Amino acid sequence: MTDERRDGAAPEAKREGFTGWLDAVRATRTGRLTFRVVVGVLGATLVIGGLVLVPLPGPGWLIVFAGLAVLATEFAWAHRLLEFAKRTLSAWTDWLLRQNWAVRILVAGVTFAFATVLVWFMLKLSLGVDLLQMAQTFLARTRA
């Protein structure tokens, strides 16, 4: 046989690069299952790691969304959750942009205060460093 199959239909075009490799992996039952497990573990790791980082200053929510995006490539529930999260985030930012400057400054101030208290608390619990005590000691020495 040359370029045609026995049923007379033209052969499927082979994809190249990553998409072709992905199609080849998904072509077998074992490949599909293995790929789903790898995507599940990687996505869950990103989501859990991002949730741990959420209270700290940094890209916690961004990592959570990245993990959901990875999971959404293979799981419909993750796709629905990601779409819900995007809609909710969009509604929140739209609401905040409609507010006057006083509300925006208040939200920013509360967010900054919360992050500051959280960093202080995490440093005190994890490293035993009390920034308030250090600041009081420093101020007492500079006054003397």
Side-chain angles (χ1 to χ4, degrees), residues 1 3 5 7 9-144:
M1 283 196 303
D3 286 341
R5 289 189 270 162
D7 58 5
E12 295 179 15
K14 282 194 166 189
R15 294 184 180 173
E16 294 180 5
F18 180 73
T19 309
W21 174 82
L22 196 56
D23 288 343
V25 168
R26 288 181 174 159
T28 66
R29 178 183 232 177
T30 305
R32 275 192 308 274
L33 180 61
T34 304
F35 189 72
R36 282 179 68 95
V37 168
V38 168
V39 166
V41 168
L42 179 63
T45 302
L46 284 171
V47 168
I48 291 168
L51 288 174
V52 168
L53 294 175
V54 163
L56 302 174
W61 282 114
L62 183 64
I63 295 171
V64 170
F65 281 118
L68 279 176
V70 168
L71 288 169
T73 62
E74 288 296 314
F75 302 102
W77 62 265
H79 181 72
R80 288 190 304 272
L81 183 59
L82 182 62
E83 291 302 317
F84 169 77
K86 288 193 299 190
R87 282 192 313 271
T88 304
L89 180 62
S90 179
W92 164 253
T93 54
D94 290 344
W95 175 84
L96 191 59
L97 289 175
R98 288 192 309 267
Q99 304 307 308
N100 62 25
W101 284 102
V103 173
R104 290 184 196 180
I105 291 171
L106 179 66
V107 168
V110 168
T111 303
F112 180 75
F114 180 74
T116 302
V117 168
L118 214 52
V119 167
W120 169 78
F121 189 67
M122 295 296 260
L123 283 173
K124 187 170 182 170
L125 283 180
S126 62
L127 300 176
V129 175
D130 189 355
L131 293 177
L132 292 177
Q133 184 63 36
M134 290 174 65
Q136 288 174 345
T137 305
F138 176 74
L139 289 174
R141 273 193 264 154
T142 57
R143 289 183 194 161

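Sequence positions, counted from 1, serve as the residue numbers for this chain. The model shown is predicted, which means the values in this text are computed figures rather than measured ones.
- Summarising the geometry of V107 relative to T111, their closest heavy-atom pair is O-OG1, 2.8 Å, with the distance given to 0.1 Å.
- In terms of modelled atom types and a separation under 3.5 Å, the side chain of T73 and the main chain of V70 share a donor-acceptor contact.
- Closest heavy-atom contact between A72 and L82: CB-CD2, 4.2 Å.
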Run the side-chain contact (heavy atoms from CB on, under 4.5 Å) test on L53 and W61 for me, step by step, so that the C-alpha distance in whole Å, both residues' side-chain angles and the decisive distance to 0.1 Å come before the verdict. CA-CA 8 Å; L53 294 175; W61 282 114; over 6 Å; no

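- When side chains are defined from C-beta on, V103 counts as touching N100, because their heavy atoms get closer than 4.5 Å.
- In this structure, E83 pairs ionically with K86, as a charged nitrogen and a carboxylate oxygen lie closer than 4.0 Å.
- Side-chain N or O atoms of R104 include one that pairs as donor or acceptor with a backbone N or O of L97 at under 3.5 Å.
- A distance of 5.0 Å separates CG of L89 from CZ of F65, quoted to the nearest 0.5 Å.
- To the nearest 0.5 Å, atoms CG (L71) and OG1 (T45) are separated by 9.0 Å.
- Going from atom OG1 of T137 over to atom CG of L132 covers 10.5 Å, rounded to the nearest 0.5 Å.
- Scanning all heavy atoms of the two residues, the minimum distance from V64 to V54 falls at CG2-CG2, 4.3 Å.
- Distance check: L123 CG to L118 CG gives 10.0 Å after rounding to the nearest 0.5 Å.
- Note: F121 CZ to L131 CG = 13.5 Å, rounded to the nearest 0.5 Å.
- Summarising the local packing, CH2 of W95 is surrounded by more than 12 heavy atoms from other residues, nucleotides or ligands at distances under 6.0 Å.
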Give the intermediate values and the outcome of side-chain contact (heavy atoms from CB on, under 4.5 Å) for residues V37 and T34. CA-CA 5 Å; V37 168; T34 304; 5.8 Å; no

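- For R26 (side chain) and R32 (main-chain N/O), no donor-acceptor pair under 3.5 Å exists by modelled atom type.
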